[in-house]
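What follows is a short report on a single structure.
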Amino acid sequence: MRIGKIPVGLAAMGIVSMIMTGCTSDKPANDPATTDGTETQTEGEETTSAADTDTTADTTDGSGASEASTPLDALVGNWVYIGTNYHTDYDDGDVYDSFTSVADEYCPESAVIVRKEGDKYIADYKMSMYESETRIYGSELIYKDEAAYEKCLNQDWCVELADPFKDMNSVVRKMTVSGDMLIESEEYIYQSEPGEEPFGYTSVTTNYYLQEGSEKLNDPESLRYFDTVTVSNAADLLNSIQSNREILLEAGTYNLSAVPRNEIDNPVIGEGYSAPAVYAVSDLKIEAKDGASVLICVDDPYDPVMWFGNCYHIDLNGLTVGHDVEPGYCSGSVLYFDNVTGVKIDDCNLYGSGTYGIEASYTYDMTVTDTDIYECTYGLLDLRYAGSTLFKNCTFRDSSDMDMICLYNAYDATFEDCEFKDNNCSWEGCDFVSMNEYSNATFRNCTFTNNIYDEFADREVVLENCTIDGKPATFASIAKISSVSDIHDMYDKTLARQREIENTIVSDSPDQLTLNQYAFEEYQMWDSLLNGIWGYMAENLEEAEMNEIRQDQKAWIKEKEASMKSEGANFEGGSMQPMLEYGTGARLTKERVELLINRFFGPTE
């Protein structure tokens, strides 16, 4: 399965920028409710799980039809938006999936009101999203004895919105009810013209709503999950994985590599070397049930234990994950994320002999809390082309042999209140932190004890209120300046590098990730020069003059940070956000450098 095409129909509607999380809400190919050892709690059932329902209309079957004379009565009411699923099936077998939830900071705004007027059912509909808004008032609902779309949760019936004013731009909108959810869908089918290269796809945008007053609206985060499944063995775990689902694991060992391929009937499960891999799901939560002792493992050292690719919003909670092999060398990490946005790992134990506790590429917005990573045979972390990662209250221990933390094009890697102990970079020339020029790392309130390495870091990192073997340690990226001549030389070199970057951008037309990296480099080098100039000023200016400029500098820093945040706000969570923020920071910091040089050390060019 190849994943990753942009949905052509969605781009034309200007909503691609709104697609930040998620996957499909389709029924699984193998319904866990019919699998031995699996218990499913779905919308409309009385449960005590996070997927409890709050049905506002009594139902007689899974369609959501009420006891009234027509199922359309179940549509009547004020409906509150909870999320949107974007799904595209390409003729060549590729799939695109994305889900955005009301729990996300940026998501569409929508509402539906359905009322009965005589023997007619009338709907008002509003949808506001990125740079577009749709309002439909007084649309009569036309009953259809069919599903709204092929994989709709309600296969029995739907209604079609009439277009009294002929202004719906040829989009056919349909509605139905499943459990306590209103489902509004828009389906678009494309086929290339005769004589063109064969190409086609079917795209379905599905919006979900709950009745106004539903108690479920009080917990927006739980609305990511449409049902909850409890499993007790590895086969059921693999067959239960799908989007918008919470999976609870009973106590026990789940050896994923021991499940025969003919027992896996799930289209989102692909193959690694021997263990399965999860592709193209979103809003999936896997957690130990009621704090149970749960071990997820594989018995092959060449595979990651859990592998997620092209996913959104993956949440792992209360799990122990590792390789069930003799101590030695592996080539598979414990957790591997490839092209994943939105990862939460909480209260987990990740152990070797995996190469790394966590390996991630093209992965963004990862938060790891209260987790123990230990006994890995290459290092602790390997983050490549990753951004906005936070480790908080974690322990990193008893691992070897290479660089412990590897950052390659990984920006905004932050460690807070973490403990690093008894790790050994035993290979010659290996450092505790290894990173390239496009990476940055901050350690805050961390302790480092009894770790062996050649150098702590091969590039400057920031340590705030940290200790190494009980002694305070602080590092910062600051240009080394000891004279006015150094200031002018460093300014000339920094300006030359900026112009080189600008010329490269014009000539190479790089992708967005590279643009983000260039913006970060520009910001970092001007900030380094500014810090170096500031240190030189503190040592050479009169105290009264320095006190005066300090107040001005504090005000400038606040203005700079506010400007950076403001520039990125309209694209928060999007791929352009880092470029806009760092680009603004670089411009303002360059201007500040030039102001200080011209005022105190002679004019720049």
Side-chain angles (χ1 to χ4, degrees), residues 304 330 332-337 343 345 348-469 473-477 517 520 524:
C330 291
S333 297
V334 180
L335 298 180
Y336 182 82
F337 301 95
V343 176
I345 302 169
C348 289
N349 297 291
L350 312 178
Y351 70 91
S353 302
T355 53
Y356 298 97
I358 298 175
E359 185 176 0
S361 61
Y362 297 97
T363 293
Y364 306 93
D365 190 20
M366 175 189 295
T367 300
V368 184
T369 54
D370 298 304
T371 290
D372 194 354
I373 299 177
Y374 56 99
E375 296 177 2
C376 298
T377 56
Y378 279 21
L380 297 163
L381 303 170
D382 184 15
L383 307 179
R384 289 167 284 112
Y385 298 98
S388 300
T389 56
L390 171 64
F391 296 85
K392 187 174 179 63
N393 295 324
C394 295
T395 299
F396 302 84
R397 61 180 175 85
D398 300 307
S399 295
S400 60
D401 289 322
M402 305 181 190
D403 304 314
M404 287 294 105
I405 299 174
C406 299
L407 305 176
Y408 184 83
N409 290 16
Y411 61 86
D412 292 345
T414 303
F415 301 81
E416 294 184 354
D417 304 304
C418 293
E419 181 181 16
F420 300 83
K421 62 181 181 181
D422 301 319
N423 299 291
N424 185 359
C425 306
S426 58
W427 287 26
E428 184 178 355
C430 287
D431 304 318
F432 198 84
V433 181
S434 175
M435 60 187 193
N436 72 338
E437 59 184 319
Y438 300 121
S439 302
N440 66 310
T442 298
F443 297 83
R444 187 174 296 116
N445 303 323
C446 296
T447 61
F448 300 84
T449 306
N450 197 33
N451 300 291
I452 300 174
Y453 45 79
D454 186 26
E455 297 288 343
F456 182 83
D458 57 0
R459 288 181 178 272
E460 298 284 7
V461 298
V462 175
L463 282 79
E464 300 176 0
N465 194 32
C466 296
T467 61
I468 297 179
D469 293 324
T474 302
F475 298 84
S477 178
Q517 292 164 357
F520 172 72
Q524 187 180 51

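The basis for the numbers below is simple: all heavy atoms, side chains too, and nothing from hydrogens, waters or symmetry mates. Counting from 1, the numbers follow the sequence of the chain as shown. As the structure is a prediction and not an experimental result, all values here were calculated from the model.
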Could you check whether any side-chain N or O of N465 sits under 3.5 Å from a backbone N or O of N445, counting only pairs where one atom can act as donor and the other as acceptor? no
Give me the atom names and distance for the closest heavy-atom approach of C376 to Y356. SG-C, 3.8 Å
Applying ring pair (Phe, Tyr, Trp, His ring centres under 6.0 Å), name anything that partners F432, two or more places apart in sequence or on another chain. F420, F448, Y453, F456
Counting N and O atoms only, with roles assigned by atom type, does the side chain of N423 sit under 3.5 Å from a partner on the main chain of S399, one being a donor and the other an acceptor? yes
Quick check: do Y364 and S388 have side-chain heavy atoms less than 4.5 Å from each other? no
Atom OG of S434 and atom OH of Y408: how far apart are they, to the nearest 0.5 Å? 11.0 Å
Mind checking the CG-CG spacing from D412 to L407? Nearest 0.5 Å is all I need. 11.5 Å
Evaluate the side-chain contact (heavy atoms from CB on, under 4.5 Å) criterion for residues V343 and T363: first the C-alpha distance (whole Å), next the side-chain angles of each, then the deciding distance (0.1 Å), finally the verdict. CA-CA 8 Å; V343 176; T363 293; 4.2 Å; yes
Hits for side-chain contact (heavy atoms from CB on, under 4.5 Å) against E416, two or more places apart or cross-chain, chain-then-number order -> L390, K392, T414, R444
Quick check for you: to the nearest 0.5 Å, what is the distance between T369 atom OG1 and N393 atom CG? 7.5 Å
So does D403 get a backbone contact from the side chain of D431, meaning a donor-acceptor N/O pair under 3.5 Å? no
Within this structure, what is the CG-OG1 distance for the pair D365 and T389, rounded to the nearest 0.5 Å? 10.0 Å
Do F337 and M366 pass the side-chain contact (heavy atoms from CB on, under 4.5 Å) test, and can you show the C-alpha distance, the side-chain angles, and the key distance before you say yes or no? CA-CA 10 Å; F337 301 95; M366 175 189 295; 3.9 Å; yes
Across all chains, not counting sequence neighbours, the ring pair (Phe, Tyr, Trp, His ring centres under 6.0 Å) partners of F391 are F396, F415
Closest heavy-atom pair and its distance - C425, M404: SG-CG, 3.7 Å
Modelled atom types, side-chain donor and acceptor of N424 and D401, under 3.5 Å: no
In the structure I gave you, are the side-chain heavy atoms of T395 and E419 within less than 4.5 Å of one another anywhere? yes
State the CE-CG distance between M435 and N440, to the nearest 0.5 angstrom. 7.0 Å
Value rounded to 0.5 Å, distance of CG in N409 from OG in S361: 11.5 Å
Under a 4.5 Å cut-off applied to non-hydrogen side-chain atoms, are D454 and C430 in contact? no
Using a 3.5 Å cut-off and no angle test, enumerate the donor-acceptor pairs between side-chain atoms of residues 379-387 and protein atoms at least two apart in sequence or in another chain.
from, atom 1, to, atom 2, distance (Å)
D382, OD2, R384, NE, 3.2
R384, NH2, E359, OE2, 2.7

Correct closest heavy-atom pair for I373 and G357 would be CG2-CA, 3.7 Å
By side-chain contact (heavy atoms from CB on, under 4.5 Å), D398 pairs with (sequence neighbours left out) E375, D422
For N349, all residues meeting side-chain contact (heavy atoms from CB on, under 4.5 Å), sequence neighbours excluded: T320, D372, Y374
